[in-house]
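Structure, as structure tokens:
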There are 2 protein chains.
Amino acid sequence: MNIVEIAKLAGVSKSTVSRYLNDGYVSEDASTKIKEVIEKTGFVPKRQAQIMRTQKTNLIGVIVPKISTETAARVVEGVTKELSKYGYEVLIGNCELSIEKEMDYLKVFRSYQVDGIIFMATEITPKHYELMDQLNVPIVVLAQRVENYPCIIHDDYHASRDAVRFLLEKGHESIGFIGVGEYDVAVGVERKRGYKDELMAQGIAIDENLIQIGDFSQQSGYRLAKELMELKRRPTAIFAVTDHLAIGCMEYLKEAGYKIPEDISVMGLGDTQIAGLVTPKLTTIHYYFQTLGVRGAKLLVDYIQQGKSSTKNCESNFIFTYRLIERDSV
Amino acid sequence: MNIVEIAKLAGVSKSTVSRYLNDGYVSEDASTKIKEVIEKTGFVPKRQAQIMRTQKTNLIGVIVPKISTETAARVVEGVTKELSKYGYEVLIGNCELSIEKEMDYLKVFRSYQVDGIIFMATEITPKHYELMDQLNVPIVVLAQRVENYPCIIHDDYHASRDAVRFLLEKGHESIGFIGVGEYDVAVGVERKRGYKDELMAQGIAIDENLIQIGDFSQQSGYRLAKELMELKRRPTAIFAVTDHLAIGCMEYLKEAGYKIPEDISVMGLGDTQIAGLVTPKLTTIHYYFQTLGVRGAKLLVDYIQQGKSSTKNCESNFIFTYRLIERDSV
DNA sequence: TTGTAGGCGTTATCAG
DNA sequence: CTGATAACGCCTACAA
């Protein structure tokens with residue numbers, strides 16, 4: 001069923017049907033006739049053909065590291081919600097933590113001629129840059145700072161400093177750190193930098209033994225907490241760079257018979273759902289992931305509406321604020 | 001940049017380029033020449049034009065009630081993972097719990113001529129059926145039983161019975177029930193039916209006071225637990241139809257000074273991430289959401305490969321099993 | 001092995 | 001206000 005058949009049935013030309021569907025610059029007679037036929041047949045114009053003609057897909061590609069991750073899901077929630085306001089559809093690229101897949105989706109999205117791309121990144125390699133540069137479509141990067149492209153991120157450095165300062169103010173001087181590898185700049189580099197800088201700013205020497213690095217898993221938090229507590233000079237508080245790590249950390253501590261926060265304090269970062277559900281409730285820093293998604297989507301839409309064919313060198317980097325949530329683990 | 005320009009630069013006809021891109025039935029001379037040009041220009045054939053010609057979009061529409069929900073995210077993880085194996089791209093329809101939006105996406109997906117639809121449903125209305133019937137595309141429904149269409153669901157009825165039986169076997173005879181409205185058949189109807197049937201099967205009379213119905217929120221669990229505990233004839237165990245409700249329930253119980261499971265037992269259903277993280281760890285029933293997504297995707301792909309233009313009356317309903325996870329709350 | 005020509009379903013331009 | 005006609009970029013007979 002296509003526009004020509006509708007035209008035939010309604011006894012008009014296909015241009016008239018097309019006009020009816022778009023500007024509506026059609027006589028009443030023709031209108032009612034066409035309307036009738038369309039309703040009877042359940043005709044819907046094909047987007048592919050429209051796209052072919054107009055070169056506007058109304059498609060946005062969204063790349064996420066892993067959709068079943070709470071943070072990614074929240075970001076996507078925000079992105080889709082905002083985008084649907086503007087009539088965009090979302091092509092989702094779930095990368096299952098594979099960098100190859102990120103590249104693949106970048107390419108696939110190009111072939112689908114998406115109007116724009118939201119890229120929730122973890123690690124950005126030179127190859128990413130190369131691809132992004134030849135993409136010719138507005139791109140907004142989320143949750144990771146990136147050179148030459150607009151990005152929206154949380155202020156990891158200051159969030160981390162604030163967390164440490166909070167612990168310091170509570171009287172802790174020996175603060176263990178559970179982090180992740182530096183390939184992830186936001187989580188691995190910035191949050192560690194915040195930790196160190198805050199300690200130094202308060203005149204406390206960095207004890208490298210207190211700095212433990214693992215991966216993102218809960219087990220990692222568990223294991224590193226053990227390391228920390230088996231040190232001769234044990235910390236009185238532990239700051240983990242994600243809630244997940246903090247939960248793993250608490251799991252070990254509870255098993256080992258420590259009372260939280262009496263014997264040792266624990267602090268996380270991110271304020272995922274579980275933070276308010278564990279016992280004791282985790283003191284952490286709230287990150288506005290959904291809002292991040294909303295803002296990222298809005299920014300992308302702005303670029304598209306400005307007719308930009310690339311956002312390279314559009315260095316409008318937004319840094320999101322955060323909020324310290326005091327619960328029961330410190 | 002299109003196939004004609006490439007042809008011109010390579011000194012061949014556009015059909016040769018097209019062949020190079022597809023079957024590859026091209027002389028070596030031409031091949032190397034074309035390859036060179038494509039690499040230099042970074043040309044990528046446009047999907048829209050291909051689709052136009054081939055009428056195959058390689059697009060699958062996925063409708064979810066709310067993507068930031070852990071269950072939905074897990075299902076989508078499975079769906080996207082499986083679909084990407086077969087080279088499909090995913091258009092995501094995040095409905096933010098609005099039935100209108102479900103309809104909208106059904107329509108949008110039709111206009112994009114998706115090759116198939118995965119529909120993670122909550123409530124299915126006659127209007128849904130009407131739309132689905134005229135869609136002319138394979139549809140697989142997930143997590144909700146639906147007439148006339150293939151669907152994959154968890155065995156809510158038996159899961160619920162098993163949960164109750166477990167409680168019974170632990171010596172509880174007065175079991176409170178926290179449920180949700182019947183508009184959601186899987187969660188609202190089936191799980192309640194399981195509860196009642198198991199009690200009756202064991203010769204225990206149904207006490208309607210022990211059956212409390214609310215919404216899906218944690219607060220609902222909290223509030224209904226309160227109702228239950230203020231009853232004259234208090235239950236010694238509570239079965240909540242979702243983990244979330246169970247968590248809310250536990251929250252109230254702990255606040256009110258009850259010891260779990262000494263004073264009262266709590267059981268959930270779903271085994272979301274938090275279940276293993278709360279204190280005490282929640283005894284619940286594990287649901288395989290990601291696998292459900294995988295299987296749903298596979299089934300859809302099968303239908304597509306069979307060339308079905310509709311899955312109406314393809315009543316291949318799969319019922320997924322589940323697993324009772326015994327933790328510390330019973 | 002290659003090129004020519006036609007068409008997929010729209011929208012946009014331009015006369016009428 | 002309406003209709004004919006030419007694209008959009010690709011694939012695919014068919015002929016050479």
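Nothing here was measured: the structure is a model prediction, and the numbers come from that model. Proteins get letters first, then strands, A, B, ... in listed order; numbering begins at 1 in each.
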Assuming nearest nucleotide by heavy-atom distance, tell me which of Ser13(B) and Asn22(A) is located more 5' along DNA chain C. Ser13(B)
May I ask you to decide whether Glu70(A) forms a salt bridge with Arg74(A), counting only side-chain N to carboxylate O separations under 4.0 Å? yes
So, does the side chain of Ser27(A) form a donor-acceptor pair with the base of dT2(D) at under 3.5 Å? no
Could you check whether the side chain of Arg19(B) and the base of dG3(C) have a donor-acceptor pair of N or O atoms closer than 3.5 Å, going by distance alone? yes
So which nucleotide from dG9(C), dT11(C), dT2(C) ends up closest to the side chain of Thr54(A)? dT11(C)
Residue Asn2(B), side-chain atoms from C-beta onward, closest of dT2(C), dG9(D), dT10(C): dG9(D)
What is the distance from NZ of Lys56(A) to P of dA12(C), rounded to the nearest Å? 13 Å
For the side chain of Lys46(B), counting heavy atoms from C-beta on, which of dT10(C), dC10(D), dT2(C) is nearest? dC10(D)
Between the main-chain N or O of Glu147(B) and the side-chain N or O of Tyr129(B), is there a donor-acceptor pair closer than 3.5 Å? yes
Using a distance-only criterion (donor-acceptor N/O pair, under 3.5 Å, no hydrogens), is the base of dG6(C) paired with the side chain of Lys14(B)? yes
Rounded off to whole Å, could you give me the CD1-to-C1' distance for the Ile3(B) and dT12(D) pair? 11 Å
Which listed nucleotide (dC10(D), dC8(C), dT10(C)) is nearest to the side chain of Phe43(B)? dC10(D)
Candidates dA12(C), dT2(C), dG9(D) - which lies nearest the side chain of Arg53(A): dA12(C)
Can you check the Gln113(B) CD to dG9(C) P distance for me, whole Å? 8 Å
Is any side-chain nitrogen or oxygen of Gln55(A) closer than 4.0 Å to OP1 or OP2 of dG9(D)? yes
Taking atom P of dT11(C) as reference, at what distance in whole Å does atom CE of Met52(B) sit? 10 Å
Ser13(B)-Thr16(B) side chain donor-acceptor pair, cut-off 3.5 Å: yes
Of the candidate nucleotides dT2(C), dG3(D), dG9(D), which contains the atom at the shortest distance from the side chain of Ala30(B)? dT2(C)
Nearest-angstrom distance from the residue atom CG of Leu21(B) to P of dG9(D): 15 Å
Report the distance from atom CD of Glu28(A) to atom P of dT2(D), rounded to the nearest whole Å. 11 Å
Between Glu82(A) and Lys85(A), is the closest basic N to carboxylate O distance under 4.0 Å? yes
Output the rounded distance in Å from OH (Tyr112(B)) to P (dT10(C)). 14 Å
Nearest of dC10(D), dC1(D), dG9(C) to any side-chain atom of Tyr25(A)? dC1(D)
Ile6(B) CD1 - dG9(D) P separation (whole Å): 12 Å
dA12(C) base / Ser18(A) side chain donor-acceptor hit below 3.5 Å: no
Among dT12(D), dG3(D), dG9(D), which is the nearest nucleotide to the side chain of Ser15(B)? dT12(D)
Look at Asp302(A) together with Lys298(A) and state whether they make a salt bridge at an N to O cut-off of under 4.0 Å. yes
Nucleotide nearest Gln50(B) when distance is taken to its side chain, options dC10(D), dT10(C), dT12(D): dC10(D)
State which of dT5(D), dG9(D), dT10(C) makes the closest approach to the side chain of Pro45(A). dT10(C)
Could you tell me whether the side chains of Gln134(B) and Arg110(B) share a donor-acceptor contact shorter than 3.5 Å? yes
